[in-house]
Amino acid sequence: MGFEDQRFNVNLSILFTELPLLERPAAAAAAGFTAVELWWPWVDSPTPERSELDALKTAIEDAGVRLTGLNFYAGQLPGPDRGALSLPGRESERFRANIDVAAGFARSLGCGALNALYGNRLDGVDPAEQDALALENLALAARAADRIGAILLVEALNRAESPRYPLVSAPAAIGIVDQVNEATGLGNAKFLMDLYHLSMNGEDLPSVIERYASRTGHVQIADNPGRGAPGTGSLPLEDLLGRLRKAGYEGWVGLEYKPGDRPSAEAFDWMPR
């Protein structure tokens, strides 16, 4: 049990980025994928014009792929930001303005998973204040996701690349999942298990899988070191995904890795055909 038993989708915010956004869904389809996921595509706008939303929706539909995952607005990502929902003031307001826009776009394409990045710690702001704001905003996001029949994802990142991000372990992210579910009573908050980030944190990945597979709503992968395709590093991804399947995870596995010095279309030679 390994790669051949998985349902892979491709993250169009890290792969195929050599192409304009509206050309990426068709490129993913040409590479053999039936599903895609995205970070929030409009980093400067939590509420883009309807014409922009419609153009991306049409590009996805015309390519014949499914949108299976979408991030809420998260600030400059890629870039210095790691989310907006725990940042008092303007960024939190932008996150709230985005909630219904992102949920509406997800609903229009049958997307069932929305990822909410927590946000960095800020100098001069009490972490308890940020955590209280985060819980408030995550509850709003969970309720919006529930209205469209979707789950809310909470992701752990890695300390080396995101030193100001407070959720840098599986237990930390699971703790937030529990708080959100308790606050809303909906039970639709789930863990986003990114094996690259967890491996960067030095976590015992078989133990994480054993403990949290049942709480996991989505899985993402990249090899480590380097955040490249499977086989470019030393992470035993085939074995780990096999363990996830045996533990009961049957969802999508998002490919969220860098293609390296080659076109993205050539970065899938490790996949079984």
Side-chain angles (χ1 to χ4, degrees), residues 37-40 46-47 67-75 77 81-122 125-157 165-194 197-198 208 211-220 248-252 254:
E37 61 184 56
L38 282 161
W39 302 340
W40 184 248
T47 55
L67 181 68
T68 55
L70 177 69
N71 281 22
F72 287 106
Y73 170 77
L77 185 73
D81 299 332
R82 297 293 186 271
L85 61 89
S86 67
L87 279 56
R90 181 172 180 265
E91 283 301 277
S92 173
E93 291 168 3
R94 286 162 71 87
F95 176 81
R96 291 191 182 196
N98 174 251
I99 289 175
D100 285 340
V101 177
F105 185 73
R107 179 181 55 208
S108 75
L109 286 162
C111 173
L114 290 161
N115 185 26
L117 287 173
Y118 201 83
N120 289 328
R121 291 300 194 208
L122 298 176
V125 180
D126 185 349
E129 178 186 346
Q130 285 195 257
D131 291 340
L133 177 63
L135 182 56
E136 196 174 305
N137 283 333
L138 284 165
L140 292 172
R143 293 185 181 104
D146 182 67
R147 288 194 292 272
I148 67 165
I151 60 173
L152 175 75
L153 296 170
V154 177
E155 182 175 8
L157 302 183
Y165 191 82
L167 308 183
V168 288
S169 72
I174 288 287
I176 299 300
V177 166
D178 288 341
Q179 289 182 37
V180 175
N181 286 332
E182 183 178 355
T184 66
L186 297 171
N188 70 330
K190 303 285 185 180
F191 178 40
L192 195 167
M193 185 186 292
D194 186 310
H197 288 308
L198 300 179
V208 167
R211 294 175 65 190
Y212 301 128
S214 64
R215 313 284 303 281
T216 297
H218 186 46
V219 172
Q220 292 174 334
Y249 180 76
E250 297 181 346
W252 292 95

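For the pair T184/D146, no side-chain contact is recorded, criterion being any heavy-atom separation below 4.5 Å from C-beta on. With a 4.5 Å cut-off on side-chain heavy atoms, L138 and F72 do not count as touching. Within the 4.5 Å cutoff, no side-chain heavy atoms of L153 are placed close to those of M193.
When every heavy atom of S169 is checked against every heavy atom of A172, the shortest pair comes out as OG-N, 3.1 Å. Across every non-hydrogen atom of Y73 and E91, the tightest pair is OH-OE1, 2.9 Å. Pairing each heavy atom of S92 with each of L133, the nearest pair is OG-CD1, 3.6 Å. The two residues A84 and F95 have their closest heavy-atom pair at CB-CB, 4.2 Å. Residues V154 and N115 approach most closely at N-OD1, 4.3 Å, considering heavy atoms. The shortest heavy-atom contact between C111 and I148 is O-CD1, 4.2 Å.
A distance of 11.5 Å separates CG of L114 from CG of L192, quoted to the nearest 0.5 Å. To the nearest 0.5 Å, atom CG of residue L140 and atom CD1 of residue I99 are 5.0 Å apart. Going from atom OG1 of T47 over to atom CZ of R94 covers 7.5 Å, rounded to the nearest 0.5 Å. Once rounded to the nearest 0.5 Å, the distance linking CG of L87 with OH of Y118 reads 11.0 Å. Distance check: D81 CG to L117 CG gives 10.5 Å after rounding to the nearest 0.5 Å. The CZ atom of F191 lies 5.0 Å from the CG atom of L198; values are rounded to the nearest 0.5 Å.
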List, one per line, each side-chain donor-acceptor pair under 3.5 Å for residues 174-182, sequence neighbours excluded.
from	atom 1	to	atom 2	distance (Å)
D178	OD1	R215	NH2	2.2
N181	OD1	N188	N	3.3
N181	OD1	A189	N	3.0
N181	ND2	V177	O	3.4
N181	ND2	A189	O	3.2

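Proximity of a side-chain donor or acceptor of H218 to a complementary backbone N or O of W252 within less than 3.5 Å is detected.
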Derivation of the side chain to side chain contact (heavy atoms under 4.5 Å, CB included) call for R147 and D100: CA-CA 10 Å; R147 288 194 292 272; D100 285 340; 3.3 Å; yes
R82 and E155: salt bridge (charged side-chain N to carboxylate O under 4.0 Å, His left out), yes or no, with the steps? CA-CA 11 Å; R82 297 293 186 271; E155 182 175 8; over 6 Å; no
Output, in order, the C-alpha distance, side-chain angles, deciding distance and verdict of side chain to side chain contact (heavy atoms under 4.5 Å, CB included) for L70 and L109. CA-CA 11 Å; L70 177 69; L109 286 162; over 6 Å; no
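Results of the side-chain contact (heavy atoms from CB on, under 4.5 Å) test with Q130 over L85, N120, V125 single out V125 as the only residue that passes.
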